[in-house]
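Written below as structure tokens is the structure these notes are about.
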There are 2 protein chains.
Amino acid sequence: MDYSTMCPKYEAAADILGKKWTGLIIRVMLGGPKRFKEIKEQIPEMSDKMLTDRMKELESQSIVKRTVYPEMPVRIEYELTPKGRELQPVIESIQSWGEHWM
Amino acid sequence: MDYSTMCPKYEAAADILGKKWTGLIIRVMLGGPKRFKEIKEQIPEMSDKMLTDRMKELESQSIVKRTVYPEMPVRIEYELTPKGRELQPVIESIQSWGEHWM
């Protein structure tokens, strides 16, 4: 095991997963493409501003893809990318350890 | 899925895993009981103070157990508890996602 190469990538991943609400937002989005309002409805305790910030971060990390449908009124949908969908087992393993031990 | 109960335990777990060096320290300790100096040798870039702080946190979380052997000179060993050992698949899943995607 080469420990020297473990750190940056592990820590970058753990940083993302450790941000407040991120695990929950990704879990909600595993259910398929969602509009902002639909995500919000499933996590009512989270503020609009917080969800906006998190979605921007997740988009900049290519974990979430944002699609604008040029309808009237415009429809915007958020969807997990393959990178985002592959977080499912990671989040589940954190969740399952947390439920057992915390 | 009851999202309202997911948050605190997931976030407490993700908090621990997201602290700088913690993933690496636990990985080194998966190799069996270690003295401070032995952990330090495997992670030379980490300062003594940082390792001391992290070990105290991990001990207070019951992830690490500290045993003092009353020899001359005193020998102190750190060992993962069952709670700590069960972090192995969690850390591996974060690491594997990070290596692939970050």
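Small disclaimer: the values here were computed from a predicted structure and weren't measured. Order of the sequence lines sets the chain letters (A, B, ...), proteins ahead of strands, with each chain counted from 1.
- Residues of residues 47-59 of chain A lying within less than 4.5 angstrom of chain B, judged on heavy atoms, are absent.
- Using a 4.5 Å cut-off between non-hydrogen atoms, the part of residues 77-87 of chain A that approaches chain B consists of Pro82(A), Lys83(A), Glu86(A), Leu87(A).
- With a 4.5 Å cut-off on non-hydrogen atoms, Glu92(B) does not touch chain A at all.
- Nearest heavy atom pair, residue Met102(B) against residue Ala12(A), reads CE-CB, 3.6 Å.
- The CD atom of Glu38(B) sits 8.5 Å away from the CD atom of Gln42(B) when rounded to the nearest 0.5 Å.
- Heavy atoms closer than 4.5 Å to chain A are found in the side chain of Trp97(B), but not in its backbone.
- Between the CD1 atom of Ile16(B) and the OG1 atom of Thr22(B) there is a distance of 8.5 Å, given to the nearest 0.5 Å.
- When all heavy atoms of Gly18(B) and Ala14(A) are compared, the closest pair comes out as CA-CB, 3.7 Å.
- Here the shortest heavy-atom pairing between Arg35(A) and Val74(A) reads NH2-O, 4.4 Å.
- At least one donor-acceptor pair under 3.5 Å links the side chain of Lys40(A) to the backbone N or O of Met46(A).
- Trp21(B) approaches Ile43(B) most closely through the heavy-atom pair CZ3-CG2, 3.4 Å.
- Rounded to the nearest 0.5 angstrom, Leu17(A) CG and Ile94(B) CD1 are separated by 6.0 Å.
- For the pair Pro89(A) and Ser93(B), the tightest heavy-atom approach, listed with the atom from each and the gap, is O-OG, 4.3 Å.
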